[in-house]
Every structure is written in C-alpha cells, then in structure tokens.
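Worksheet: the structure to be examined is printed underneath.
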Amino acid sequence: MPKKYERLIHLRKFFVMLGFSLVLFAVSTYLPTSVYAQQEIPAHAQWGKVAIKETQAKYPQAKILDYLHEGSEVKGDTTIEKFKLWIKLSDKEFGVQVRIKYVTNTNKLVKVEFQEITS
C-alpha cells in the first residue's frame with residue numbers, strides 16, 4: 001500500500017477518534033448531575049398532624065382547606081404550637097386557631113384548644 005494512502009487512513013482514524021472524544025465530552029457535560037438534598041422534617045410537623053386530626057374530630061363534617069403553622073411558644077417546661085386551619089362546613093368557610101400544649105422534654109400532650117376566627 002502506498003504511503004499516501006497509509007497517511008490518509010491514519011488521518012481518518014485520528015479525526016474519527018477526535019470526533020468521538022468531542023461527542024463523549026459534550027454528552028458528559030450535558031448530563032444532569034442532581035443531588036437531592038434531604039429535607040429536614042420540621043419539629044412542628046408531628047403537632048400539625050395532631051392539629052388536623054383534632055380539628056377533624058371536632059368538625060367531622062368539615063373539609064380542611066388550608067393549614068398554617070404560626071409558630072411556637074415555650075413556657076417553662078411546656079411548649080405551645082400554634083396553627084391556623086381554614087375549613088369549610090356546608091356553605092360556610094371559616095378559620096380555626098388550634099393551640100397544642102405539650103411537655104417539651106417528653107412530647108406528652110397536655111391540651112388542645114380551639115378558637116373559631118371570624119373576619
């Protein structure tokens with residue numbers, strides 16, 4: 001085989017490998033590398049479930065439309081978690097403030113209070 005053809009074959013192999021490398025590089029930089037951060041469950045989440053459950057028990061025919069954690073308040077060895085739930089009962093919509101008092105160290109439920117909110 002003449003040297004001219006050998007050079008063309010080597011040149012062709014070189015460009016094929018170069019093209020393959022460029023494609024591989026482009027694909028590897030395009031692939032998404034997402035790292036899913038684990039979201040921490042807020043401390044009040046368990047009490048939010050209690051607020052919903054207790055509200056459903058107090059208003060069994062109502063539908064809970066919305067839910068908001070309004071904060072917490074520490075008093076001595078107890079904590080009060082404050083929630084606002086918006087509910088619909090028949091054709092009436094209204095808010096209910098739910099206050100859950102528990103022993104901070106043991107998470108023992110002390111009491112649940114409700115107050116209807118009128119605009």
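Note that these values count all heavy atoms, side chains included, but never hydrogens, waters or copies made by symmetry. Heads up: numbering here begins at 1 and tracks the sequence.
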Residues Trp86, Glu93; criterion side chain to side chain contact (heavy atoms under 4.5 Å, CB included); working and verdict:
CA-CA 7 Å; Trp86 195 255; Glu93 287 186 18; 3.1 Å; yes
Closest approach of [X] to [Y] (non-hydrogen atoms, all atoms of both residues):
| X | Y | result |
| --- | --- | --- |
| Val112 | Leu109 | CG2-CD1, 4.0 Å |
| Tyr102 | Glu81 | OH-OE2, 3.3 Å |
| Lys101 | Thr78 | CE-OG1, 3.5 Å |
| Ile87 | Ala62 | CD1-CB, 4.1 Å |
| Gly48 | Tyr67 | CA-OH, 3.2 Å |

Tell me, do [X] and [Y] make a side-chain contact under 4.5 Å, heavy atoms counted?
| X | Y | result |
| --- | --- | --- |
| Leu85 | Ile64 | yes |
| Leu89 | Lys63 | no |
| Phe114 | Thr55 | yes |

What's the verdict on side chain to side chain contact (heavy atoms under 4.5 Å, CB included) for Val96 and Lys84, showing C-alpha distance, side-chain angles and the deciding distance?
CA-CA 6 Å; Val96 177; Lys84 186 183 289 182; over 6 Å; no
Can you tell me how far apart CG (Leu68) and CD (Gln97) are? Round to the nearest 0.5 Å.
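Between atom CG of Leu68 and atom CD of Gln97 there are 10.5 Å.
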Between NZ on residue Lys49 and CD1 on residue Ile100, distance to nearest 0.5 Å:
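So the gap between those two atoms works out to 12.5 Å.
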Under the side chain to side chain contact (heavy atoms under 4.5 Å, CB included) rule, what do Phe94 and Ile117 come out as? Steps first, then yes or no, please.
CA-CA 6 Å; Phe94 58 97; Ile117 304 167; over 6 Å; no
Which residues satisfy the salt bridge (Lys or Arg N to Asp or Glu O under 4.0 Å) test with Lys75, sequence neighbours excluded?
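With sequence neighbours excluded, Lys75 shows a salt bridge (Lys or Arg N to Asp or Glu O under 4.0 Å) to Glu73, given in chain and number order.
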Quick one, Arg99 with Glu70, criterion salt bridge (charged side-chain N to carboxylate O under 4.0 Å, His left out). Give me CA distance, side-chain angles, the key distance, then yes/no.
CA-CA 10 Å; Arg99 302 289 181 253; Glu70 295 184 305; 3.5 Å; yes
Atom NZ of Lys88 with >12 non-hydrogen neighbours under 6.0 angstrom
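Counting other residues, nucleotides and ligands, NZ of Lys88 stays at 12 neighbours or fewer.
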If you apply the rule side-chain hydrogen bond (donor to acceptor under 3.5 Å, both in side chains), what do you find for Ser72 with Thr79, and how did you get there?
CA-CA 7 Å; Ser72 57; Thr79 301; over 6 Å; no
Full working for side-chain hydrogen bond (donor to acceptor under 3.5 Å, both in side chains) between Tyr59 and Glu116
CA-CA 11 Å; Tyr59 302 95; Glu116 290 185 13; 2.8 Å; yes
